[in-house]
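Have a look at this one.
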Amino acid sequence: MKKLNLIVLASGGGTNLQAIIDNIEAGKLNAQIKAVISNNSKAGALERARNHNIPAIHLSHKQFVTPEEFDEKLLSILRENETDLVILAGYMKILSPTVIRQYKNRILNIHPALLPSFGGASMYGIHVHEAVINSGVKVTGVTVHLVDEVYDHGAIIVQKCVPVLNDDTPETLQQRVLPHEHELYSKAIQLLAEGKVEIKENKAYIRE
Ligand code: GAR
C-alpha cells in the first residue's frame with residue numbers, strides 16, 4: 001500500500017488537520033503531510049503544522065497580481081511535493097477550475113452537514129449549523145467528498161449522521177459534529193490510500 005503524500009489547505013483553527021496529524025502519528029493513517037498551506041497567516045492550522053515540523057506556508061491571492069500567478073505557485077508546490085491528495089480542511093477559498101482539473105479526483109473536502117443539503121457558497125462553519133437548526137431537520141452530519149468544479153458537488157466518499165437535539169444551538173451542534181469530522185476525514189483518506197474507492201460517473205463506490 002502506497003503512503004499518500006498529502007497537502008492540507010486550511011484557513012482556521014485546524015482541528016481537522018490536527019486529527020489527521022494525530023492519526024498519522026498513531027500509525028492509523030498511511031500518509032504523510034508534506035505541507036500545510038493557508039490563505040490566513042494567523043491560522044491556527046499553520047501553528048499546528050509548525051508544532052509537528054510540517055512546512056507551514058502562507059499563500060494568499062493578495063501576494064500575487066493575477067489569480068493565474070497564484071495558481072501557478074500552488075500547482076508548483078503540489079508538484080514539488082509529489083502530492084497524491086489535496087485535503088481541504090476548513091479552507092475558505094474556492095480553488096480555480098485549473099487546479100481542480102489538474103487534480104481531478106485527488107482533492108477532498110469536508111463539509112459539516114449531509115450534502116447535498118446545506119451546501120453552497122455561503123454555507124461554511126457556523127452558518128451551516130445555523131441553517132440546519134433553522135430548517136428543523138432532525139439529523140445532520142458530516143460529508144467527505146471529492147471536489148469538482150461545482151461547489152459542494154463532487155462524489156461523496158463517506159457520510160455520517162449526527163442527531164439534532166431539541167435544545168441544540170448552532171454552537172452546541174457544531175461542537176457535537178466536530179469529533180465526527182475528525183474521525184471521518186481520516187477514514188476517507190485511508191480508504192483512498194487502500195485503493196478501496198472507485199469513482200464512476202460522479203459517484204464513489206467503496207469496495208471493502
Ligand atoms: C470544519 O467544521 C469544516 O467542516 C468546516 O470548517 C470547519 C473547520 O474547522 N468547513 C466548511 O464549512 C466547508 N464548507 P477546523 O479548522 O477546526 O478544522
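Just so it is clear, the structure is predicted and the values come from calculations on it, not from any experiment. As the structure lists them, so they are numbered: ligands from 1, and atoms in each ligand from 1.
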Proximal atoms of ligand 1 relative to M123 (non-hydrogen, under 4.0 Å): 14 (N)

Who's the nearest protein heavy-atom neighbour of atom 13 (C) of ligand 1, and how far? I110 O, 3.8 Å

Which heavy atom of the protein is the closest neighbour of atom 17 (O) of ligand 1, given with residue, atom name and distance? T15 OG1, 2.6 Å

May I ask you to decide if V147's main-chain N or O and N109's side chain share a donor-acceptor pair within less than 3.5 Å? no

Kindly state each residue pair satisfying ring-ring contact (aromatic ring centres under 6.0 Å, His included) with at least one member in residues 173-208, sequence neighbours excluded. none

To check your reading of the model: name the closest protein heavy atom to atom 4 (O) of ligand 1, its residue, and the distance in Å. E181 OE1, 2.7 Å

Mark the output for G125 as yes if a heavy-atom distance to ligand 1 is under 4.0 Å, and as no if none is. yes

Where does the angle between the aromatic ring planes of F64 and F70 fall among parallel (under 30°), tilted (30 to 60°) and perpendicular (over 60°)? perpendicular

Give the residue, atom name and distance (to 0.1 Å) of the protein heavy atom nearest atom 11 (C) of ligand 1. P112 CD, 3.7 Å

Give yes if a backbone or side-chain nitrogen or oxygen of N16 is under 3.5 Å from a nitrogen or oxygen of ligand 1, and no if not. yes

Looking only at atom types and distance, does a side-chain atom of S38 sit under 3.5 Å from a main-chain N or O of A43, one as donor and one as acceptor? no

Please verify whether a non-hydrogen atom of M92 lies at under 4.0 Å from ligand 1. yes

Can you find a heavy atom in the side chain of K187 that is under 4.5 Å from one in the side chain of K160? no

Under 4.0 Å to a heavy atom of H111 - the qualifying atoms of ligand 1, by number: 14 (N)

Begin from the C-alpha positions of I24 and Q32 and carry the test side-chain contact (heavy atoms from CB on, under 4.5 Å) through to its verdict. CA-CA 7 Å; I24 290 172; Q32 56 183 333; 5.5 Å; no

Ligand 1 atoms nearer than 4.0 angstrom to some heavy atom of Y124 are 12 (O), 14 (N)

Tell me, which protein residue and heavy-atom name are nearest atom 16 (O) of ligand 1, and how many Å apart are they? G14 N, 2.8 Å

State whether a side-chain donor-acceptor pair under 3.5 Å links Q18 with H52. yes

With atoms numbered from 1 as shown, which atoms in ligand 1 lie under 4.0 angstrom from a non-hydrogen atom of G90? 6 (O), 8 (C)

Donor-acceptor pair between N16 and E181 side chains, under 3.5 angstrom: yes

